[in-house]
Visitor: 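Here you go, one structure.
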Number of protein chains: 2
Amino acid sequence: MAQERARLRLVDVAEEAGVSIAAASRALSGSTGVSDVIAQRVREVAARMGYVADVHARTLAGGASTSIGLLVHEIGDPYFTEIASGVLRVAAEQGLTVQICHTGRDPDNELVQVRALIANRVRAILIAGSGFVDARTQSAVKKELQTFQATGGRVAVIGRHHLGADAVLPDNTAGGRSITEHVLSLGHRRIAFAVGLPALTTVADRLSGAGQALGEVGLCLDDVPVVEAAFTREGGRLAMQRILAEHPDVTAVIALNDDMAIGVLSALRARGIAVPEQMSVAGFDDVAVAEHLSPALTTVRLPMTEMGEQALSLALKPSSARPRRRPTGHTLVVRESTAPLRAPR
Amino acid sequence: MAQERARLRLVDVAEEAGVSIAAASRALSGSTGVSDVIAQRVREVAARMGYVADVHARTLAGGASTSIGLLVHEIGDPYFTEIASGVLRVAAEQGLTVQICHTGRDPDNELVQVRALIANRVRAILIAGSGFVDARTQSAVKKELQTFQATGGRVAVIGRHHLGADAVLPDNTAGGRSITEHVLSLGHRRIAFAVGLPALTTVADRLSGAGQALGEVGLCLDDVPVVEAAFTREGGRLAMQRILAEHPDVTAVIALNDDMAIGVLSALRARGIAVPEQMSVAGFDDVAVAEHLSPALTTVRLPMTEMGEQALSLALKPSSARPRRRPTGHTLVVRESTAPLRAPR
DNA sequence: TTGAAAGCGCTAACAG
DNA sequence: CTGTTAGCGCTTTCAA
């Protein structure tokens, strides 16, 4: 028979230890003003009884919240998964719990989720993933976040600006330039880009870097096919099919994230087109599977786990007068999916 | 200048609407006992002011908790990511928030995380991922969970038994049998297994199914190499290297999850061994990338997203006298990585 | 150092 | 149907 015992309360511990609940509280929450003897005894008793303080009561009474919120586009996307992994690591280390929400890539959803996080009185809100270039969709969120910060909440974002908060900024522009320069240096000129919604700042930034690289060889983005699709594996597959149909002379494809690149590879394999012999393919992010694909994917590595760790670290620091910016680096990772342009057939 | 305004409280809304806080509370929490007129008005005012109730105060006052906890081994593992995705979907639908924790595959960590979830007064705790065959490591967790349930908490587990809670049971044994039968039917007899820690019930169950299939052709597990390594990509790579070194006559490898299979494929590619021409490879789970690998991976599909959805649904139902069991199905997905045994060289 | 008592913001009895 | 009031379990003044 399960004991229908009520949950253990602080008063139970205090009684057992023979002290007041105030003393017990001080001992357990690690604040000053208790003799070491009592503190020690209370902690022992609590441990023995298996007492764990009610987070809601503690937070309501004015104690600092021990939970933080993480908002991502889609938890199934490896980019966000790796970021989440970094956040979880630091959180566990600090004894913080993490509420993860995802918008399912629906911008309207973002406001709902942010509100929920605020209602949960999280200590900090972390928002990962590109915002939309369209400022209008963002203004409500921004306002909500501003109020949150004004009342002591902390906010850090990964990969977006214009939110008036500390930010970890992935090296999208420079990375876009690097990967494009790499493909260009291999001799390719008929390059197609498989891109996600151009309203995403991530897409816009990476593309802008690509444009710079193109400029160095006297080309520009208008000269090459830029095919839009969902920022997912399926989107990559669709984009590649369109590239094949509409631009048969293309010799290299740069996908603006690895997920799309995986779809691109898939479509190519289905059509019997050899990579990199007949077509070079490059991605962006260096998600964990990228090196295990066949051919192993040439891509731009972003330190995603660290980005998650860093975002939480920023959010745990007291807020500064001006938002902090932590740019990340990037590394061009050349593997097997890109090769020099062959002599024309 | 950011207004250093205090957070909006229920009383602010009540005043603005010209009603008592009780009426306002009833209107906002959707309970009965308010006239439609007032309810309507209060809701309008609250919306206009941007009021959101404090979750901690609400929960402390006896309202049902709106958050649930999800504990996984490793959020970076696609198996858990897809489960999490299903949980998040249902949670969003129900207006619930989800606290995700991961143990980092450290069994001792499990207890810490469960305690934290309980302290957070989550409405339900979902535990995904195989427990350890060793009952001793589990007993503390089990006890904690028992108390949690006795005080009204709900628990559902995915892929483990013996925790005295509702369970979603992946078809591990039957799946292990199916995939092994498939490889056997292709003519392979020198089959190696790349497995995770055998203390994991998932590994034990899948292996047991494999044993059954082997029995059908007069073999048993002792007749074939079973190589242990971490249940990860890296583990798969290591296992494959050992198989190649110690059992050069093997013609097929069954990895007990897709992550390991990816590592197996990687190791094979590094050694220049063609799949499936020289070696057949099979996985388990059918994670999202499996179909995009080259060669596309033959595997056993488990409905992971649904498993997550179902676990939360179970946990949201009132508890029953005896723990419920929801077995999942499985589907053998034959793709390109397995092929008939070639005539001996 | 210690303890008594006043809330934190809300829900749920209880009166009206 | 409406409002008043007593807590929920904890932290934190405030006296002692």
Side-chain angles (χ1 to χ4, degrees), chain A residues 5-43 45-46 49-67 116 118-123 151-153, chain B residues 5-43 45-46 49-67 116 118-123 151-153:
Chain A
R5 225 187 10 64
R7 211 169 256 126
L8 241 38
R9 288 161 313 157
L10 182 58
V11 49
D12 300 319
V13 176
E15 259 173 26
E16 180 78 13
V19 298
S20 70
I21 67 166
S25 168
R26 287 190 270 253
L28 261 18
S29 63
S31 47
T32 66
V34 224
S35 62
D36 290 353
V37 205
I38 288 194
Q40 189 59 32
R41 173 148 43 100
V42 171
R43 277 194 279 265
V45 170
M49 300 175 80
Y51 169 78
V52 185
D54 183 317
V55 171
H56 296 296
R58 184 171 263 186
T59 307
L60 185 58
S65 163
T66 61
S67 82
I118 293 177
N120 275 275
R121 299 292 181 263
V122 293
R123 180 188 303 187
T151 55
Chain B
R5 224 187 10 65
R7 212 170 254 128
L8 242 36
R9 289 162 311 157
L10 181 57
V11 45
D12 299 319
V13 176
E15 258 172 28
E16 180 78 13
V19 298
S20 73
I21 67 166
S25 168
R26 288 189 271 254
L28 261 19
S29 62
S31 46
T32 66
V34 224
S35 63
D36 291 353
V37 205
I38 287 195
Q40 188 60 33
R41 174 148 44 100
V42 171
R43 277 195 278 264
V45 171
M49 299 175 80
Y51 169 79
V52 185
D54 183 317
V55 170
H56 294 117
R58 185 171 261 186
T59 307
L60 185 57
S65 163
T66 61
S67 83
I118 292 176
N120 275 275
R121 299 292 181 262
V122 293
R123 179 189 301 187
T151 55

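Reminder, nothing fancy here: chain letters follow the sequence lines and each chain counts from 1.
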Visitor: Tell me the interatomic distance from L10(A), atom CG, to dT11(D), atom P, rounded to whole angstroms.
Guide: 6 Å

Visitor: Where the side chain of S20(A) is defined as all heavy atoms beyond and including C-beta, which of dT11(D), dG3(C), dG9(C) is the nearest nucleotide?
Guide: dG3(C)

Visitor: Taking the minimum atom-to-atom distance to the side chain of R58(B), which one of dG3(C), dT11(C), dG3(D) wins?
Guide: dT11(C)

Visitor: Given dT1(C), dT11(C), dG9(C), identify the nucleotide with an atom nearest to the side chain of D54(B).
Guide: dG9(C)

Visitor: Check the distance between dG9(C)'s P and N120(A)'s CG and give it to me in whole angstrom.
Guide: 16 Å

Visitor: Specify the residue among T32(A) and I21(A) whose closest nucleotide of DNA chain C lies further upstream toward the 5′ end.
Guide: T32(A)

Visitor: Any heavy-atom pair between the side chains of S35(A) and Q40(A) that's under 4.5 Å?
Guide: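 Q40(A) vs S35(A): side chains apart.
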
Visitor: CG of L28(B) versus P of dT11(C): gap in Å, rounded?
Guide: 8 Å

Visitor: Which nucleotide wins on minimum distance to the side chain of S35(B), given the candidates dC10(C), dC10(D), dT2(D)?
Guide: dT2(D)

Visitor: By nearest atom, which of the nucleotides dG9(D), dG3(C), dT11(D) is closest to the A57(A) side chain?
Guide: dG9(D)

Visitor: So do the side chains of R121(A) and V55(B) get within less than 4.5 Å of each other, counting heavy atoms only?
Guide: no

Visitor: Does the dG3(D) base have a donor-acceptor partner in the side chain of R26(B) within less than 3.5 Å?
Guide: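 Check passes, donor-acceptor contact within cut-off.
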
Visitor: Among dC1(D), dC8(D), dT11(D), find the nucleotide with the atom closest to the side chain of A61(A).
Guide: dT11(D)

Visitor: Would you mind reading off the distance between L60(B) atom CG and dC10(D) atom C1', rounded to a whole angstrom?
Guide: 8 Å

Visitor: Between T59(B) and A23(A), who's closer to the 5' end of DNA chain D by nearest nucleotide?
Guide: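 With T59(B) and A23(A) compared, the 5'-side residue is T59(B).
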
Visitor: Over how many whole Å does the gap from L8(B) atom CG to dG9(C) atom P extend?
Guide: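 It is 11 Å, rounded to the nearest whole Å.
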
Visitor: Which of these passes side chain to side chain contact (heavy atoms under 4.5 Å, CB included) with V42(A): V34(A), L28(A), L10(A)?
Guide: L28(A)

Visitor: For the side chain of A22(B), counting heavy atoms from C-beta on, which of dG3(C), dA12(C), dG9(C) is nearest?
Guide: dA12(C)

Visitor: May I ask you to test the T32(A)-R26(A) pair for a side-chain heavy-atom distance under 4.5 Å?
Guide: no

Visitor: Run the numbers on R58(A) and S29(A) for side-chain contact (heavy atoms from CB on, under 4.5 Å), then give the verdict.
Guide: CA-CA 10 Å; R58(A) 184 171 263 186; S29(A) 63; 4.2 Å; yes

Visitor: Let me know the distance between NE2 of H56(B) and P of dC8(D), rounded to the nearest Å.
Guide: 19 Å

Visitor: Closer than 4.0 Å, any side-chain N/O of S25(B) to the OP1 or OP2 of dC10(C)?
Guide: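 No, no such contact exists.
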
Visitor: If the cut-off is 4.0 Å, is Y51(A) near the phosphate of dG9(D), judged by side-chain N/O to OP1 or OP2?
Guide: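 Answer no for this pair, as no side-chain N or O of Y51(A) is under 4.0 Å from OP1 or OP2.
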
Visitor: Return the value, rounded to whole Å, for the distance between atom CE of M49(B) and atom P of dG9(C).
Guide: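 Taking CE of M49(B) and P of dG9(C), I get 14 Å after rounding.
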
